[in-house]
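First comes the structure, then the notes that go with it.
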Amino acid sequence: MQNYDIVVIGGGPAGLAAAAEAKKSGIDSILILERDHDLGGILNQCIHNGFGLHTFKEELTGPEYAQRFMDEVFDLKIEYKLNTMVMDITADKIVTAMNKTDGMFQIQAKAVILAMGCRERPRGALNIPGYRPAGIFSAGTAQRLVNIEGYMPGKEVVILGSGDIGLIMARRMTLEGAKVKVVAELMPYSGGLKRNIVQCLDDYGIPLKLSHTVVDIEGKERVTGITIAEVGPDMKPIPGTEEYYSCDTLLLSCGLLPENELSKTAGVELSPITSGPVVNDSLETNIEGIFACGNVLHVHDLVDFVSQEAANAGKNAAKYVKNGKTASTKEVKIKAACGVRYTVPCTIRPEEMDDTVTVRFRVGQVFKDSAITMYFGDEQVLKRKKQIMAPGEMEQVIIQKSKLADFPDISEITVKIETA
Amino acid sequence: MEKRVLTCIGCPLGCTITVEMDNGEIKSLTGNTCKRGDDYARKEVTHPTRIVTSTVRITEGEIPMVSCKTAADIPKEKIMDIMKCINEATASAPIKIGDVLVENVAGTGVNVIATKDVKAS
Amino acid sequence: MIYDVIIIGAGVSGCAAARELSRYQLNVCVLEREEDVCSGTSKANSAIIHAGFDAPAGSLMAKLNVEGNEMMDDLCRDLDIPFKRNGSLVVCIHKEELDGLKELYDRGVQNGVKDLKILSKEEVHKMEPNLSDNVEGALYAPTGGIICPFILNIAMAENANVNGVDFRFNTEVESLKRDDAGIWHIRTCTGEYLTKYVVNAAGVYADQFHNMVSENKIHITPRRGDYCLLDKEMGGHVSCTIFPQPTKFGKGVLVSPTVHGNLIVGPTAIDIEDKDSTATTAEGISSLIEKAGMNVKDLPVGRKVITSFAGLRAHEDHHEFIIEELKDAPGFIDCAGIESPGLSSSPAIGRMVKDILCERIKPVEKEDWIATRKGILNPTELSLEERNELIKKEPAYGQIICRCESVSEGEILDAIRRPLGARSLDGVKRRTRAGMGRCQAGFCSPRVMEILHNELGIPMEKITKSGGKSVIAPDLLKVQKGGEA
C-alpha cells in the first residue's frame, strides 16, 4: 500500500484548485487521480467563452481556464495519475484505484478530497415516452462528440431543457451547420443565463418554448421526429397543444446530478436536496478527513465559485493533515427556509470556523424584488435586497466569526427569502 | 422610425428594452432598470459584437480537434463568414494556447487563436 | 448448399433450438433480420425465470415452464449465465381473495412446481419488509428466479456457433416455399437459402411465416409491455419477485430485483397492431407506478428510474405455445406463440424442437460437442492480486470505460472479439452492461464507439446503436477536401 497525505479524487477544476491550495498550505504529499486522459475535466469540452470573470477579471474559454489551474499544478509539482479510475474509498481513507500501467492499487491517505463532479440526468429519469432510437443524446455527450471527437451527432435538432449546456449546444450545433428547430423548457422560466438565451438562441432565431416538454419520440432506428406539448401548472402535457418537429436528433439538457457513488462507499452522508455530501464550514463530510468541493458537493453555476470552494477544501484538508482532528465542539445547523432550497455548508462550528465563511445556496423559484435574510437564532442579522433571484444562479451570504461570537447560545442559523 | 426590442443580458432580470431608431440614430431607449442596460442596448443596436468559439481539425496531434476563438470581439453579422474560414482551416500539432490558426479572419482584422495546448502524437 | 435445418429468428427460442441441434452432425443455420442475436422480445422482458404455477394445468406452457425452470441451473452453470433463484411471491391485498392463492397453489402442485408454500400475513411481511401494508398473504415459490436474459440468449447462440451453427444477421426472411423434392426455399433480403427443415422461431412475426405455408391460420398479437428500470440503489428494496394475483390479462405488474442488482417494475399489457412498435407511452409508465405501489411500498419510481423501455410479447390467440411440425407443411416446425413464460421455458423449448427434428432426421451425435462456454470475465469477482495479474497480462482490463457499471476495456474487447461478437453499442451493452448504468451511456458511448471503430475497422460515422440506420454520429466535422482527416 502506498501512502499520501492527501488524495484528490478528480482532476477537473475542483480537484486542481483543491490540490494547488493544499500544496500551498504546506502539504507536499498530494496525489490527484483523474479518470480521463487529460486534466481539466469537463472544461475541456466547454470551448465557449465566459469563464473566469470573477477569478481572472477576463473572459476565458473552458480549456484556457483549465490550463491556468493545470499550469499551477505543474509548477507546484503535484503528482497526478491520468486514465485512473477510483474504484472504492473506505471510511479509513483507503483509496482503491486502477489503471493500465499500475494495475489495481491501494493508497492510505490521511485526508481525501472528493472532487468527482457531476453527470447529466439521462432520459430514463425524465420518463419521456416513445421509441429508443439512436439520435438521443444528453447535451454534454453531444458536446463531447462535437468539440473533442469532431463528429456531428445530427443535422436537425430539438433540444429539451434550457439550462446553460442546452443553450450553449444550440449555438454550437448551429455554428457547425445544424438546424436547431426549437428549445423546449418544462419550467415557466429558463434555468440558463440571460446572456446565453440572447447570444445562443435569439442571435440565431431559435425559438424557446417555456412550459413545454417532449411527449413523443418517433423513429425506430434513428430519431425522425419529436412531438412537444405545453404543460399545465401540474407539469402535465395539455392535450391539443402538441406540435411535431421533424428532426434526427434530440438533445437533453435537463439537469446535473453530483456523482457520489464513491462517496457512498465511504459512508459519506448525502443531502437529499443537493445529492451531494452534507458538509460543515470546513467542507468536511460526516467522515473525518474526507472533504468535498465543486459539483460533487452541489451543482454550481460558475466555475469561479468551484475554484474558490475547492481552494477552501484544499486548505482545510491541509490543516486537518497537520493538526489532526479538531476537538469536537459545538456545531450550529444552518437551516434553509422560505424559498432557499439548501445551503452549503449545512453546519458551522463557531469556534473553529475561519473569520468568514461563505454560505452558498439556490432559491427554489424566481423571486423578484425580494430580500435574502439571515437569522442567528431568532434575530435577523442580515437583510439584502435583490431585484431578482432565479434557481439557475447561486446566491450567497457571508457569516462572520466575530458576529457569531455575539450569539454564544444559538443552535440554529436560518437563511430565508422574504419580501423586500 | 425603426423599433428594436432587446433582452438585456446584464443580469437574470432580463429587462425588455425598447429602442427607437431613426437613420441609425437612437431616438429613445426605454425599459431598462439600470445603467448597464442602457450601455448594453446602445451597443447592441449600433454595433453588436461577439466572440466566436469553435474548433479546428488538426493533424499529428494527440487529439483530433483544437478549440479556438476570435482573439477579440467581431461584428455579429460576420459570425457565419468567420465560421466558414474556421471550418476550412487546418493546423498541425504541437499547438500552444494563443497560436494563430487563422489570420485576419474574414477581413475583420481579428485572428482566430488556439485555446488549448495540444501535444504532438 | 442445402442446410439440414434453418431456424428463423435468433431470439431465445431460436438459439435454444440451435444449441440443442448443435449436438448433432447437422448443417444448421440461424437467419436473423437484426444485426445481433437477442434483438426482439428476448431483450425486453421481465428477466424472470417463472416457477410454473401460472399456466393452466396440462398445457404445454405449464409443462415447458416447469421443465425449463428445472434445466436452468445446469444450463447457467455450463454456459456461465448470471442466474439466481431469489424466489417468487404472489401477494394478495384483499382478504376476500385469499382463496385465489390456494387455487394458484393447487395449480402449481398439479404442474409439478416444487416447494410451494402459502405464507400468512405475518410470515410474508417478515420475509419482505417493504411489501405494502395491505398485503394479507402470499404464495411463495422458492424455485422462481431472476436471470440476465441477454446473456441467456447470447450464451446459447455463442455455444451453438462454436459447435458449428451458422448465423446470418441482417437477413430478413421475405417468403418461403417447399419445392416438389421437399426442399424449402427461403427468400431473404440477402439471397435464397435452401434447407430440409425450417424452424419458425420468429417471435411476433411467427404467424406471418406460419400462414405463408399453412392453411390452418394462426394469429399473433404483439402485446406491449412497458417497464421501468430503477437505480441499483433500489436493488435491495425487495429480495423476491413480487407478483400481484393474476387476472385474465396476465400476471400483472411485478416488482423484482434483477440479477445485476437493479430493480425492475413492469410490464403493462397493451395489445397493439404494429409488430415493431416498442415505443413506451406516458400512460403506460404512469400506470406501472400506480400498480406496483399497490403491492410494494416506498417505491421512488419517479426519481430513481434510470430507463424505461417496452417489449412485445408474441400473444397467440389461444395463449398457448405452438411447437410442432405442421401437418400440411412437412418439414416446417412452428415455435410460435412464445410469450411469457417463454424465457423460463426456453431450454425446454429448444429441447422439444430438437426432439421433433431428431425423430425425423435421426442425426448422429457429435463426439466433439463442446458443452460449455466461458462468459466474459467479470473482474469484480477477482481478488486484488488476481486482478493485478490480469492487468499485467492484458492492460485493457485496467482501463474502465463504463463508470456506472465498472466495465473495463478488456471486457468490451472480449465482447467484440468472441464468437458472434458485438458490432454496435447495444451489442456491447447487452454483453458487458457498458452503458446500462445510471448515466445510460452518456459518458461511455463515445469511447465504446472508438473501440468498435478500432477493432472492426468500421468508420466512426458508421457506428450504430443497433445496426441498420441507427447511426450515432453521422458526420465527420471539418474534413478538408483532398486533405487528410
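Worth saying up front: this structure is predicted, and the values here are computed from it rather than measured. The chains referred to below are lettered A, B, ... by the order of the sequence lines, with proteins before strands, and numbering in each begins at 1. Hydrogens, waters and symmetry mates play no part in the numbers below; they use all other heavy atoms, side chains included.
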Closest approach of Arg57(B) to Gly150(A) (non-hydrogen atoms, all atoms of both residues): NH2-O, 3.0 Å
Looking only at non-hydrogen atoms, find the nearest pair between Lys116(B) and Pro63(A) and report the distance. CB-CB, 4.1 Å
Under 4.5 Å from a heavy atom of chain B, the part of Arg172(A) involved: side chain
Nearest-0.5 Å distance that lies between atom CD1 in Ile63(B) and atom CD in Glu149(A): 10.0 Å
Measure Met65(B) against the heavy atoms of chain A and call it side chain, backbone, both or neither at under 4.5 Å. both
May I ask you to say whether Lys119(B) pairs ionically with Asp38(A), meaning some side-chain N is under 4.0 Å from a carboxylate O? no
Euclidean distance, His37(A) NE2 relative to Glu62(B) CD, rounded to 0.5 Å: 8.5 Å
Closest-packed option against chain B by number of heavy-atom pairs under 4.5 Å, given Val198(A), Leu175(A), Val146(A), Asn147(A): Leu175(A)
Does CG belonging to Asn23(B) count more than 12 external heavy atoms closer than 6.0 Å? no
Please check: side-chain N/O of Arg195(A) versus main-chain N/O of Gly10(B), any donor-acceptor pairing under 3.5 Å? no
Heavy-atom neighbours of Lys100(A) NZ exceed 12 at 6.0 Å: yes
At a 4.5 Å cut-off on heavy atoms, which part of Ile79(B) comes close to chain A: side chain, backbone, both, or neither? side chain
If I take atom CD from residue Gln199(A) and atom CD from residue Glu44(B), how far apart are they, to the nearest 0.5 angstrom? 7.0 Å
Non-hydrogen atoms of chain B under 4.5 Å away: do they reach the side chain of Thr174(A), the backbone, both or neither? both
For Lys96(B), does the NZ atom sit with more than 12 other heavy atoms under 6.0 Å from it, leaving out its own atoms? no
Pair Lys69(B) + Glu64(A): basic N to acidic O under 4.0 Å: yes
Taking every non-hydrogen pair under 4.5 Å, which of Ile86(B), Leu6(B), Thr7(B) racks up the most with chain A? Thr7(B)
Please report the interatomic distance CD(Glu176(A)) to OG(Ser54(B)), rounded to the nearest 0.5 Å. 4.0 Å
Drop me the distance from Thr115(B)'s OG1 to Asn44(A)'s CG, to the nearest 0.5 angstrom. 10.0 Å
Can you confirm whether Met70(A) sits close enough to Asp117(B) that some side-chain heavy atom of one is under 4.5 Å from a side-chain heavy atom of the other? no
Heavy atoms from other residues, nucleotides or ligands near NZ of Lys84(B) exceed 12 (cutoff 6.0 Å): no
Residues 45-56 of chain A: residues contacting chain B (heavy atom under 4.5 Å, by number): Ile47(A), His48(A), Asn49(A)
Check whether more than 12 heavy atoms from other residues, nucleotides or ligands sit under 6.0 Å from atom CD of Glu103(B), and answer yes or no. no
Let me know if Phe367(A) has heavy atoms under 4.5 Å from chain B in its side chain, its backbone, both or neither. neither
To the nearest 0.5 Å, tell me how far Thr61(A) OG1 sits from Ile97(B) CD1. 7.0 Å
Which atoms of Ile148(A) are under 4.5 Å from chain B, going by heavy atoms: the side chain, the backbone, both sets, or neither? backbone
